[in-house]
Amino acid sequence: LAQGSQGLKVLRMGLKGAQLGGHFLSMSQVFVASLLANSEGSEGSDAAGSVSVKVRNLPGEELCNFQMQGETLQDLKRELSDPQGPMSKRLRTSSLNFYTVADPSKQLDLQSQVRTLSSELVIKQADVEDWLEQFPDVGTFLEAMRDNKFDPESENFDVTWTAKTAKKVPLREAVCLVQEALSGVLTHADSESQFVQTFGKLTAGAESWNMLHLGMLQTFDGGMRRLKHFAFEHWLDLARTVATSMVSQDPSPVVLLLRLERGTIAGLNDLGTAFPRNFPQNLQNHLTVCDARPRLCWTGVFRPLLSFDWDIQREGIESFRTALAAAEQDEPAEFGALQPHEICQMVHVQLRLSSIRVAEVEGPINEVCVKILAQLLRYKLKILPFQSETELQDQMACFECGKDHRGTLMLIKGVPASRQGTFFRRPCPHRMVLCYNTEDADSNEASTHNVEKSRL
């Protein structure tokens, strides 16, 4: 009981920190369920052999108390999700994930027997709906893309389409569109939420730029007429990549919207050595003529990264202008020595830090890249080698933001490959760059191969 209480206290502290830091878990609804197996020998009791479930919120308020029918977490999920069930007024979705208080990062298998669970359960309601409400145009964009509304070569093309005038997509339909966008790729419990956050940020402000107005684009020749179609297609692919995979050692180009000093969207910047693969040659030719070719110089990198990361409404336009001016005047001396693939990797890391706050990297990263990002975006940086989870938690707890910084950033080197996908699901007030040891994965694969070979 003492261990369970301490674990719940840590969970509350973590969620409080996550809310203060803006982590994606701050958008989740989290509940705690106490389970009590009733004795099968209880005579004259309808509850004999069943499991009593008491659900409360994190502050400790009891929300419901009922006798569970069935034996597995899948059965419990079915009862909690029932529109007429005991949690019908509390839950907005049937997408629920279960964890133990002792290890709130490890998702439990829905086939787990409830009676075998010795700890209190943490129930996290999938937060994709909350993120769709924060980015209300995501569902509208996805529906238009599915129906080819942006493509002048499609019979469904609608030159008058705008997000403002389009019929709003109901929340449940928007969730289905997100799931459709992620179909066919390997996902995890938070992929849908991370997809919405990333796609929402990538497309935020796009409708305010006249060069993405469909009517305006039809006055051009060639590939420019299809710019919106291919740009949104690229952003959808980027969001899918962020939500389902780590940063590779040779990442693809990234196209980001660019803000002027006054805060308005005024262009696209291609951060890479080439155009995105889905951009046809005639569009590439037109963009090159308009001086919108791929570039990895300092000016071509810092402006779109600041534009993507800065929250103009919350942080103000003056602070944004100050950051732009500082970056313009003070190019990091180390930037010129970076290789193109290192700059592309740096961009992909920041894409994740700005949208989902955690960047998982397959293998090592040049520390200079992370230091440049921290300097550019005014993050207080701490670099640590991974030693143990306990040590990491201690370091995270004592790392605080300074008054001259916008936030905190931790670079953790040498994380065991076996820990992949666990850290970012923990509530955390810091942005995190997690570099995984590829040697561990290679060693495990080689070991498996040798075992199989010895059997032959």
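We use all heavy atoms of the structure for the numbers below, so side chains are in, but hydrogens, waters and symmetry mates are not.
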Take Phe157 and Phe150 through the test ring-ring contact (aromatic ring centres under 6.0 Å, His included) and record every step on the way to the result.
CA-CA 6 Å; Phe157 176 61; Phe150 299 162; 8.8 Å; no
Just verifying a value: how many Å separate Leu257 CG and Leu202 CG, rounded to the nearest 0.5 Å?
8.0 Å
So, Lys413 and Glu367, do they make that salt bridge, N to O below 4.0 Å?
yes
Using a strict cut-off of less than 4.0 Å between a Lys/Arg side-chain nitrogen and an Asp/Glu carboxylate oxygen, indicate whether Arg115 and Glu71 qualify as a salt bridge.
no
Lys54 atom NZ, neighbour heavy-atom count above 12 within 6.0 Å:
no
When rounded to the nearest 0.5 Å, the distance separating CD of Glu129 from CD of Glu192 is 8.5 Å
Thr322 and Ser319 side chains, donor-acceptor separation under 3.5 Å:
no
Arg226/Asp151 ion pair, N-O < 4.0 Å
yes
Look at the rings of Phe199 and Phe141 and say which category their plane angle falls in: under 30° parallel, 30 to 60° tilted, over 60° perpendicular.
perpendicular
Got a salt bridge between Asp190 and Lys124, using NZ or NE/NH1/NH2 to carboxylate O under 4.0 Å?
yes
Over 60° means perpendicular and under 30° means parallel, so tell me whether Phe230 and Phe279 are parallel, tilted or perpendicular.
tilted
Please find out if less than 6.0 Å separates the ring center of Phe399 from that of His430.
yes
For a quick check under 3.5 Å, do Ser248 and Asp250 share a side-chain donor-acceptor pair by atom type?
no
For the atom pair NE2 (His229) and CG (Leu212), what is the distance rounded to the nearest 0.5 Å?
13.5 Å
How long is the straight-line distance from CG of Asn210 back to CD1 of Ile265, given to the nearest 0.5 Å?
11.5 Å
Is the closest basic N to carboxylate O distance between Glu207 and Lys228 below 4.0 Å?
yes
Does the side chain of Tyr436 come under 3.5 Å of the side chain of Glu362 through a donor N or O and an acceptor N or O?
no
Over 12 non-hydrogen atoms of neighbours within 6.0 angstrom of CD in Gln313:
no
Within a radius of less than 6.0 Å around CD of Gln284, do more than 12 heavy atoms belonging to other residues, nucleotides or ligands occur?
yes
Classify the angle between the aromatic ring planes of Phe135 and Trp131 as parallel (below 30°), tilted (30 to 60°) or perpendicular (above 60°).
parallel
Enter the distance from Met145:CE to Leu177:CG here, rounded to the nearest 0.5 Å.
11.0 Å
Establish, from distance only, whether the side-chain atoms of Gln395 and Glu391 form a donor-acceptor pair under 3.5 Å.
yes
Mind checking the OG-NE2 spacing from Ser245 to His348? Nearest 0.5 Å is all I need.
9.0 Å
Salt-bridged, Arg406 to Asp311, with N to O below 4.0 Å?
no
Could you check whether Ser34 and Arg56, counting side-chain N and O atoms only, form a donor-acceptor pair closer than 3.5 Å?
yes
Can a side-chain donor-acceptor contact be found between Asp75 and Thr72 if the only test is distance below 3.5 angstrom?
yes
